[in-house]
Structure formats: structure tokens, C-alpha cells
Number of protein chains: 2
Amino acid sequence: MSLAELKSVCGSCGIRELCLPAGLSDEEVDLLDQHMSHRISVRKGDYLYRMGDPFRSLFAVSSGFFKTVLVHEDGRGQVTGFQMMGELLGLEAIHSTHQVCDTVALEDSAVCAISFDQFEQLGQLMRNLQHRFNKDMSREIAREHHLMLLLGSMRSEERLATFLLDLVMRHERRHQSGETFMLRMTREDIGSYLGIKLETVSRLLSRFHDEGILEVRGRHLRILNRAALAQRTEASES
Amino acid sequence: MSLAELKSVCGSCGIRELCLPAGLSDEEVDLLDQHMSHRISVRKGDYLYRMGDPFRSLFAVSSGFFKTVLVHEDGRGQVTGFQMMGELLGLEAIHSTHQVCDTVALEDSAVCAISFDQFEQLGQLMRNLQHRFNKDMSREIAREHHLMLLLGSMRSEERLATFLLDLVMRHERRHQSGETFMLRMTREDIGSYLGIKLETVSRLLSRFHDEGILEVRGRHLRILNRAALAQRTEASES
DNA sequence: TACCCATATTGAGGTAGATCAATATGGGTA
DNA sequence: TACCCATATTGATCTACCTCAATATGGGTA
């Protein structure tokens, strides 16, 4: 990769408006590029980082799809999130010197690495950037509060419906079809994320299929009745 | 409250080292005081803020005890956290213009209000402060990942044991007894936080009591065997 | 193309925790 | 002090989801 390419990673990036530079001026984006970002590609199945690795950088997903997994001492793992392009990886480790979870590419992917030291310096120079980052962290906290509601109060059907609608919306924000898309993760990953077993995920998908809400063929998904799915998001009286 | 008092809220605060000013120089703490903080007291049962209120300030718990509750459209609520002195409230709303959850005082409490606008300006002036704040946000994200593990993968007994040990540690970090303390919240609050029903919480407490791990008398708690409690934190083979 | 192995589906039966219900307790207040 | 109502305990039953098991499917590779 040439120096010129290196310098324009963010400036010429197709997802610039989804990513950290959103709202920054061209000059500011240049500064970001010059100081911090370089691309790394990660093969499907590979770890971007693992618990215990030294923490130095944040990563912005440039393309592809990741999951983050928290592993308990006794070996149990919990999928804590799925990240797609424009989203940041590594926020959970800023408070530490080492990574606190694993992140794995679920398809061939690319990320932009951002030295966190340099990022903090740059945040001092650009109030814009710091503000944007504060909001990103806050949004992540709020997202997790919703996850806690899901895990703590919802029945399995509501959990899956909520999860699917979230995927739909995130695809659409990226100008990808929210109607037809592919699940990048296994039933087991979905189950872990939602706090249910893979068999339950499979049964629920079959049920939604039989009810004409979705068309499921392996990991290919077509949403046939989004309103019905939204209804399944809420507790039904009875 | 006199101006002099106002100006020394943080500087003379007993929990300064637990709170936002930790690691700041005296001069920096003065700056923090002069620009931003003033105390507010909140009666037991009162809301510090409610979902939909305009978001303007962060709050640092000065004394007392709070819970944060996320309410779903259909009326279900989820307790997303309990906050004690030195901890920040309002982080989840930074990304928005309005509050995104309710926070309620579980005993007579006091908080320091911090205008977030001014806080961001000050963060530009003091790299220390911004760095500390970045870490606080990150720690909150990591805390929630652990909650997701708890809610997604643990059995009810493990959840309660984990919760109790967390309370023990937080009391000790505040130089309060971790052996004997009082639960500030109802069984229902605990159940909501842990994703189980209040009857289950009650039964588990009775079980721990019968097994000699705790002494429970209403909300008075004495930890008799912390090691045994720690064991209950992990899945048992069988 | 054919094979293989990870992944997914579907069924049958078991169980942790929910639900419903009937007391008990104790902190707040008059 | 006595009363009251929110909170907590405990028991009996129910059920959503788990577990175990058998089979199907399909993407990757030789």
C-alpha cells in the first residue's frame, strides 16, 4: 500500500458518513488519516484480537462482519455483539491495558486501526471528534441497556424478533436491503447473543417461516411481513 | 449554600478519589468546581430524571443509592444498574437530546450535577479529565458485557451469588463493610436486574441462609462464607 | 462431481424457574 | 403503642425452554 493510499484511507472511504469521521470537515478527516488510521484485513474465522492481548488501538469496521465474545473463567462464552461496517471495536478495553474480550471475523473483513493514544491527542485538538466519540460510547451503553431488557424480560420469540428487526434496520442504514439478507453468524451465535439455545433459535425461525413472516433457507433470509415481526417484539396479553 | 461552599464541592469532597476528579491535580479540581458542579439532593423514591426529560447534565453520586430503569413500550421495566457514591449517572443519554431511562433514589441521596456542555469544554482543556472520562465510559461498557454474560448464560443461583459479591466489593472499595451491609433495593428490583422473579430471589436467599453462606434478616445481610459464595458463581459439573 | 463435516432441523421428554396463592413481617405513621 | 400496607416468605402447580437424540442439509474441497 502506497503512502498516498495510506493518507486517504478515511478521506476517500465509502462509509465515511457511517463511521468515526461523520460530521468532520475535510481538513479534520485529513488530520485523522495522517495521524492514525491504516487498514488491516482479517480472514473469516480469524481473531482481530483476543482477551489478554495488549490494548493499543480501536478499530473501525471497514467491511465485513464481526462478533465479540466474552469468555467466563469456567469456559462459558457469551456473544456480546455483532459489528458491521462503520462500527467501532475495542471500546470495552479502553479502561484496561489489555483486551477484555475476543473479537472474531465472521466473514473476510477489513478494519481501520486507530492508535488510541494518538486518538486521545487528536480528540484534544478537535472538539468535533471528541464529541462524536463521546456519543458513540454513550450509544453503545444505551444499546446494551436494551440488550439487558431483552435478556432479562423478554420471551424467546420476542428476543428473536427484536434481533431480526435490529439487523433489518442496520442493513438499511447502510443502504443494503433490509428485506433480503444473509445471516453471517451460526444459530449458536444467535442463541448465545439472545440467551437461548440454538435449537430454540432454529424452532423459532421455522415457526416464523411457517407463519409466513419470513422465508428462511439456511442463512438466507427474506422478511415477508415486517409488521408481524414488530408485533412479536411485544408481550402479548393472554 | 454560600459561594465558597459551591466552589469547593469537589475539592473538599470525601469521595474525591472515587469520583470523577480522581487523578486530577488540585488546580484541575478547582477548575472543575468553578465551572460545573453543584449539589442536588434527592429524596428516597424520587426520580433524579425520567425518560424524555431534556438531557443537559451528568450526575456523580455524592451519597446515597440509585437504580436506573429502562421501560419498554409495553410497560415492562428492566433495572439496568444500581449506583452508589462516586459513580456517574446519565452516560446512556449523551448520544441523545433527552434522557433514555429513569433513575430513582433508593434512599435519601445527593448528587453533583455537571453540565455536559461545560464538561466537554473542560475535557478539551484537561487531557487528564477527558482520559479519565473515556475510561469511565469504557468500564461501564465492560460492566454491561459481564451483565450480558450473567443474563445470557448463568443459572439463577449463579446470578444472585455474582450480584452479592459485586455488592461486597463495591462496599469495600468505599471503605464500608463488605461483610455486613444493607440491601437498598427490593427483592423485585434485584430480580429485575438479574432477570429472575422476586420469588426466586427470596427462595435463593433463604437457601444461602440455610446453607450457612449468609445471614439474611429482611434487607440486613451478613456474608458468612465468601468463598462458598464465590463457588456458586461458577457452573457446577454434574 | 462426489464426498465430508460443520451446521441446522425436528422430535420426545425433563426441569429450572415462573405463576398463582396464602400467609408473614416490619418500617412508617398517627 | 398500635395499626397498616408494602414487602417478603413459602408452598403447590405449571410451562417455556432445555437437553438429549436422530437425521438432514449444504458449503467447501479434492
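Side chains are part of it too, since the values below use all heavy atoms of this structure and drop only hydrogens, waters and symmetry mates. Order of the sequence lines sets the chain letters (A, B, ...), proteins ahead of strands, with each chain counted from 1. Every value quoted in this text rests on a predicted model; they were computed, and no experiment measured them.
- Between B/Glu107 and the choices B/Lys67, B/Lys44, B/Arg184, the salt bridge (Lys or Arg N to Asp or Glu O under 4.0 Å) rule is met once, by B/Arg184.
- Comparing B/Lys44 and B/Thr200 along DNA chain C, the residue whose closest nucleotide (by nearest heavy atom) sits nearer the 5' end is B/Thr200.
- Nearer to the 5' terminus of DNA chain D, by closest-nucleotide assignment, is the contact made by B/Arg187 (compared with the other of A/Met154 and B/Arg187).
- Residue-level contact check: B/Leu198 touches the bases, meaning some heavy atom is under 4.0 Å from a base atom.
- Under 3.5 Å, the side chain of A/Glu157 and the base of D/dC17 form no donor-acceptor pair of N or O atoms.
- Counting distance only, with no hydrogens placed and no angle test, the side-chain atoms of A/Arg203 and the base atoms of D/dT19 include a donor-acceptor pair under 3.5 Å.
- A straight line from NZ of A/Lys197 to C1' of D/dC17 spans 11 Å, rounded to a whole angstrom.
- Nearest approach of B/Ser192 to B/Gly77, heavy atoms of both residues: OG-O, 3.7 Å.
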Stepwise side chain to side chain donor-acceptor pair (under 3.5 Å) check, A/His72 with A/Gln78: CA-CA 8 Å; A/His72 196 57; A/Gln78 171 75 25; over 6 Å; no
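- Here the shortest heavy-atom pairing between A/Val69 and A/Cys101 reads O-CB, 3.3 Å.
- With a cutoff of under 4.0 Å to any heavy atom of chain B, the contacted region of DNA chain C is bounded 5' to 3' by C/dG17 to C/dC20.
- For C/dT19, the paired base is D/dA12 (Watson-Crick or G-U wobble, both distances below 3.5 Å).
- Across all strands shown, D/dT1 is found opposite C/dA30 as a Watson-Crick or G-U wobble partner, with both distances under 3.5 Å.
- For D/dT7, the paired nucleotide is C/dA24, the pair qualifying as Watson-Crick or G-U wobble because both relevant distances are below 3.5 Å.
- Of all non-hydrogen atoms in B/Arg173 and B/Leu18, the two that sit nearest each other are O-CD2, 3.9 Å.
- Contact detail for B/Ala93 and B/Phe55: the closest heavy-atom pair is CB-CD1, 3.7 Å.
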